Novice: 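Following this message is one structure expressed as structure tokens.
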Amino acid sequence: MLSNGLSEDDLFSFLSSQKKEDIDYRYILSSMCTLPHPVAVKAHSLFMETNLGDPGLFPGTASLERLLVERLGTLFHHKDAGGYATSGGTESNIQALRLAKELRPSTCPNVVVPESAHFSFKKACDLLCLEIRNVPLGPDRRMHADTAAGFIDRNTICLVGVAGTTEYGMVDPIEDLSKIACEHDIFLHVDAAFGGMVIPFLERPIPFDFALPGVTTIAVDPHKMGMSTIPAGVLLTREPDMLDALNIDTPYLSVKREYTLAGTRPGAPVAGALAVLDYMGISGMKAVVAGCMKNTERLIAGMGTLGIEPAATPDVNVATFVCSSAPAPWRVSWTRNGHLRIVCMPHVQRDSIEAFLKDCGDMHA
Ligand code: PLP
């Protein structure tokens, strides 16, 4: 630590110089996060000091968290869903598996996940001492129910389906997975961290939520397509009181028990997430998602005219290509199979897509 504090001018000139080293969002084509919506920023700054880890001190903020859960539960066809605000998909996935472990006890528990599952499932299984069974995908890059069924045995506590895969933007056939989850009486956790704020707003939504009887829990991240400030995730449960199974005693707080993973939890991004949902409404979100999908289609078509083939036909706004290089200054990413990956988030405007296509054309000329 410095022995004497800096002047405010010196401090902020240092902070600004560090911020200048960050990449301008205009060039970021690789991220599932985006620039927060202005109403999220405004709401976030109103709730900066709030701590949902001690909700008795912040009852107003705690009621916003309940409203956020209710809004998302309703969007996912289950108004009475339980849930809470997490730090994002990783925490939601860990807690979903923790719930399955608690409520489906087994001496040697295993979890069946698609090969496309986010690496947070590996972390969750490591932490919870669960065996992870990776199911190979079909040629369409989705996990098929009959293949998954072959990996389920009497020690399987949870089947995982992904609604909007991180790498290729695919939605697993959750309807079929729901059937086998019911048949085997196991949990079905749907990782909709990305797709949860896309699929309900598509022209033709794909079934993935609590309307399917086998779906037990859903992870959805407002800090991705929900345009909230970071960190904003939500874990939803079919049974309103399901999370109580994770309760531990918290002697010195304003509540006597908590089921969350984190102790101190920020109320600000929760206010930000709710603000975006209420400001945009269904029609506003449909417009944002339609724009992102249109940009994804334009990008795929434009790359096609350059002779660069798509690696998948995505269900959501993630475009991948059989291509081994991309022009500077664009920040793209690469899948584990070596495909170029671009996420057409709300900050990726049509002019950026056109500029990227032109630079690709120049590079491959
Ligand atoms: N699940 C999916 C499908 C994701 O795409 C991601 C991140 O991209 C996660 C989980 C992890 O989310 P977070 O980084 O917010 O913890």
Side-chain angles (χ1 to χ4, degrees), residues 28-34 36 40 68 72 76 83-98 111 113-127 132 134-135 137 141-143 158-174 177 188-200 206 208-209 215 217-236 260-262 265-266 269-270 272-273 292 296 312 314-320 331-336 339 341-348:
I28 299 180
L29 305 180
S30 57
S31 180
M32 288 190 147
C33 289
T34 192
L68 179 63
L72 292 170
F76 297 164
Y84 81 97
T86 66
S87 57
T90 300
E91 181 180 337
S92 300
N93 290 338
I94 292 171
Q95 287 283 81
L97 295 195
R98 195 172 155 220
V111 177
V113 309
E115 256 178 2
S116 54
H118 185 261
F119 51 78
S120 49
F121 287 100
K122 167 89 175 84
K123 295 184 190 178
C125 290
D126 280 356
L127 286 167
I132 189 162
N134 292 296
V135 180
L137 306 182
R141 300 191 187 280
R142 298 184 180 93
M143 176 178 76
C158 187
L159 172 65
V160 172
V162 186
T165 58
T166 315
E167 287 181 298
Y168 291 93
M170 307 306 296
V171 179
D172 286 327
I174 309 292
L177 299 180
L188 172 57
H189 172 59
V190 178
D191 182 358
F194 186 74
M197 294 304 295
V198 180
I199 301 163
I206 308 161
F208 80 101
D209 63 18
V215 174
T217 46
I218 301 179
V220 54
D221 282 357
H223 70 205
K224 295 187 168 74
M225 281 296 288
M227 298 173 289
S228 178
T229 46
I230 295 171
V234 175
L235 174 65
L236 293 164
T260 56
L261 189 58
R265 294 188 300 125
V270 170
C292 293
T296 309
D315 295 314
V316 296
N317 41 321
V318 179
T320 47
R331 294 301 176 112
V332 300
S333 64
W334 305 93
T335 70
R336 68 192 106 167
H339 293 132
R341 168 181 173 275
I342 290 175
V343 192
C344 293
M345 294 301 288
H347 70 271
V348 180

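This structure is a prediction, so every number in the text was calculated from the model and none was measured. Numbering of ligands and ligand atoms starts at 1, following listing order.
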Novice: In chain order, what residues pass the salt bridge (Lys or Arg N to Asp or Glu O under 4.0 Å) check against Lys122, with sequence neighbours excluded?
Specialist: Asp126
Novice: Between the side chains of Arg341 and Ser333, is a donor N or O closer than 3.5 angstrom to an acceptor N or O?
Specialist: yes
Novice: Applying salt bridge (Lys or Arg N to Asp or Glu O under 4.0 Å), can you list everything that pairs with Glu167, at least two apart in sequence or on another chain?
Specialist: Arg336
Novice: Filter the ligand 1-protein atom pairs down to N or O on both sides and distance under 3.5 Å, then list them.
Specialist:
unit_1	atom_1	unit_2	atom_2	d
ligand 1	1 (N)	Asp191	OD1	3.2
ligand 1	1 (N)	Asp191	OD2	2.6
ligand 1	5 (O)	Thr166	OG1	2.8
ligand 1	12 (O)	Gly89	N	3.4
ligand 1	12 (O)	Lys224	NZ	2.9
ligand 1	15 (O)	Gly89	N	3.2
ligand 1	15 (O)	Asp221	OD2	3.2
ligand 1	15 (O)	His223	NE2	2.9
ligand 1	15 (O)	Lys224	NZ	3.0
ligand 1	16 (O)	Gly89	N	3.4
ligand 1	16 (O)	Thr90	N	2.8
ligand 1	16 (O)	Thr90	OG1	2.6

Novice: Does a side chain donor of either Tyr168 or Thr335 reach within less than 3.5 Å of an acceptor in the other side chain?
Specialist: yes
Novice: Mind checking what makes side chain to side chain contact (heavy atoms under 4.5 Å, CB included) contact with Ser120, not counting sequence neighbours?
Specialist: Thr90, Asn93, His118
Novice: Just by distance, no angles: are the side chains of Thr217 and His189 close enough, under 3.5 Å, to form a donor-acceptor pair?
Specialist: yes
